[in-house]
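Only one structure is covered here, and it is reproduced in the block below.
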Amino acid sequence: MANYKIAVIPGDGIGPEIVAEALKVLEKVGTKFGHVFDFRHLLMGGAAYDAVGTCFPDDVLPVCRECDAVLLGAVGGPKYDALPGPERPEKALLKIREGLGLYANLRPAIMHKALSRACPIKPENIGDSMDILIVRELTGGIYFGEHSWREGKYGQEAYDVERYSEMEIRRIAKVAFEAAMARKKTLVSVDKANVLESSRLWRRIVTEMSADYPEVAVSHMYVDNAAMQLVHNPGQFDVILTSNMFGDILSDEASMITGSLGMLPSASLADGSFGLFEPIHGSAPDIAGRNIANPIATILSVSMLLRYALGLEAEARAIDDAVTAGLESGLRTGDIAEAGVTPISTTDMGQAILDRI
Ligand code: NAD
């Protein structure tokens with residue numbers, strides 16, 4: 001019987017509601033497959049600010065480092081919007097990514113057949129299915145580059161520097177090439193090499209590395225074209241590799257094509273198998289506390305945790321299949337309910353998935 005330590009950070013807004021359902025699913029997987037999950041609950045974000053006066057308490061990093069993986073709900077909310085930038089819940093997200101060395105963000109954008117009516121794109125442009133994996137660099141680029149304000153010739157100026165080193169590009173590209181090898185062996189690297197020096201370095205490194213992966217068909221696409229192609233013909237993509245900011249934008253675009261933010265999980269990985277797993281959506285303060293949020297993105301984040309951090313593929317697949325079965329039997333939370341369908345609650349959706357494992 002294997003024993004795994006999981007750090008659990010429910011966070012703010014709908015975070016505690018959706019994480020509660022995900023933990024029940026993890027417990028069920030443990031019972032069914034003979035694993036013990038030992039949860040270490042942590043406060044981060046607004047919940048931590050309210051309890052101990054900081055969004056990023058000192059115990060977060062050491063406790064996470066002792067664990068095999070981290071499960072996060074979401075942080076932030078209007079109550080904390082007036083805090084100065086460095087003290088805000090969203091800053092805690094950047095700190096945990098940096099502190100745990102989580103440089104590789106994997107965001108699958110999968111269209112469930114049962115939800116195809118929620119897709120805003122014409123069916124003929126999707127093809128048989130849409131199953132894209134976006135590999136986004138997470139601890140470099142413009143979000144982490146030098147940024148400041150200064151007095152300029154025409155008043156105040158502000159600047160943010162996009163900077164990438166060869167090492168940072170190589171390690172994220174390796175993740176993308178390996179993901180492509182395990183999938184359809186096609187990789188689109190997205191950059192803005194017609195304008196940016198950092199993108200020219202990015203493209204050169206990816207091109208060099210393609211020699212080590214002769215089976216992977218690599219192409220390069222400018223980010224403006226990629227944004228357009230994603231809505232024009234998303235079915236053409238399999239693995240997309242891109243930088244921090246471009247990945248932030250393209251992955252939200254891809255998620256909307258699948259119908260709902262409430263469906264999509266993500267993994268943020270460090271070297272080795274350690275990672276942080278969370279839904280791609282935020283804390284949804286507009287629906288918090290009402291038991292109506294969709295828990296599927298968080299439940300699928302648990303599936304990614306099992307697959308990527310613990311190497312438990314059969315267990316991960318049991319969750320994926322249970323989610324698919326729930327959707328195919330017509331169960332919907334409000335965000336994915338078609339006209340005429342009565343939505344079910346967060347806890348009922350969690351239970352329905354649990355029952356199908
Ligand atoms: P959001 O993703 O929280 O919500 C956008 C819309 O999607 C809302 O209408 C919300 O009700 C809906 N939605 C989101 N998740 C849902 C779910 N599981 N089920 C049903 N509907 C869902 O984005 P926002 O409103 O821009 O941000 C709210 C707060 O979350 C902000 O403080 C923001 O900074 C924070 N945020 C946190 C993270 C994170 O913790 N990783 C990510 C994004 C935003």
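These figures come from a predicted structure and were not determined experimentally. Both counts, for ligands and for their atoms, begin at 1 and track the order of listing.
- Not a single donor-acceptor pair under 3.5 Å links the side chain of Glu278 to the backbone N or O of Ser301.
- The side chain of Leu93, and not its backbone, has at least one atom closer than 4.0 Å to an atom of ligand 1 (non-hydrogen atoms only; side chain from C-beta on).
- Closest to atom 35 (C) of ligand 1 among all protein heavy atoms lies Val75 O, 3.2 Å.
- Here is the list of ligand 1 atoms found below 4.0 Å of a heavy atom in Pro285: 28 (C).
- For ligand 1, the atoms sitting less than 4.0 Å from at least one non-hydrogen atom of Gly262 are 17 (C), 18 (N), numbered in the order shown with element in parentheses.
- Closest protein heavy atom to atom 30 (O) of ligand 1: Ser283 N, 3.1 Å.
- Close approach to Gly77 involves these atoms of ligand 1, each under 4.0 Å from a residue heavy atom: 32 (O).
- Among Met263, His281, Glu90, Glu278, the residue whose heavy atom lies closest to atom 33 (C) of ligand 1 is Glu90.
- Ion pair Glu146/Arg163 not flagged as a salt bridge, since none of the NZ, NE, NH1 or NH2 atoms sits closer than 4.0 Å to an Asp/Glu carboxylate oxygen.
- Under the 4.0 Å criterion applied to side-chain N and carboxylate O atoms, Glu27 and Lys24 are not assigned as salt-bridge partners.
- Counting heavy atoms under 4.0 Å from ligand 1, residue Ile14 touches it through the side chain alone.
- Other residues, nucleotides and ligands place more than 12 heavy atoms under 6.0 Å from the NZ atom of Lys28.
- Between the side chain of Arg332 and the backbone N or O of Leu327 there is at least one donor-acceptor pair closer than 3.5 Å.
- Scanning the protein heavy atoms around atom 4 (O) of ligand 1, the nearest turns out to be Ala284 CA, 4.2 Å.
- Looking only at distances, no side-chain donor or acceptor of Asp160 sits under 3.5 Å from a matching main-chain atom of His147.
- Of all the atoms in ligand 1, the ones that sit under 4.0 Å from a non-hydrogen atom of Gly76 are 32 (O).
- The protein non-hydrogen atom at the shortest distance from atom 22 (C) of ligand 1 is Ile287 CD1, 4.0 Å.
- Note on Asp252 versus Arg107: salt bridge recorded, some NZ/NE/NH1/NH2 to OD/OE distance being below 4.0 Å.
- In this structure, Tyr49 and Tyr80 have perpendicular ring planes: the angle between them is above 60°, well past the 30° mark.
- Cation-pi geometry between Arg150 and Tyr159 is met: under 6.0 angstrom from the ring centre, within 45 degrees of the axis.
- Between Lys79 and Asp12 there is no salt bridge, since none of the side-chain N atoms of the basic residue sits less than 4.0 Å from a carboxylate O of the acidic one.
- Looking at Ala293 next to ligand 1, no N or O pair under 3.5 Å apart turns up.
- Counting only heavy atoms, the protein never gets under 4.0 Å from atom 25 (O) of ligand 1.
- With respect to atom 42 (C) of ligand 1, the closest heavy atom belonging to the protein is Gly282 CA, 3.6 Å.
- Counting the atoms of ligand 1 from 1 in the order shown, those under 4.0 Å from a heavy atom of Ala74 are 40 (O).
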Go through the steps for His35 and Glu315 under the test side chain to side chain donor-acceptor pair (under 3.5 Å), then give the verdict.
CA-CA 10 Å; His35 308 300; Glu315 290 81 340; 2.7 Å; yes

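- At a 3.5 angstrom cut-off on N or O pairs, Arg97 does not count as close to ligand 1.
- Protein heavy atoms come within 4.0 Å of atom 9 (O) of ligand 1.
- Here Asp238 pairs with Arg183 in a salt bridge; the nearest charged N to carboxylate O distance falls below 4.0 Å.
- Contact annotation for Asn294 and ligand 1: heavy atoms of both the backbone and the side chain come within less than 4.0 Å of the ligand.
- Across Leu261, Asp252, Asp248, heavy-atom proximity to atom 6 (C) of ligand 1 is greatest for Leu261.
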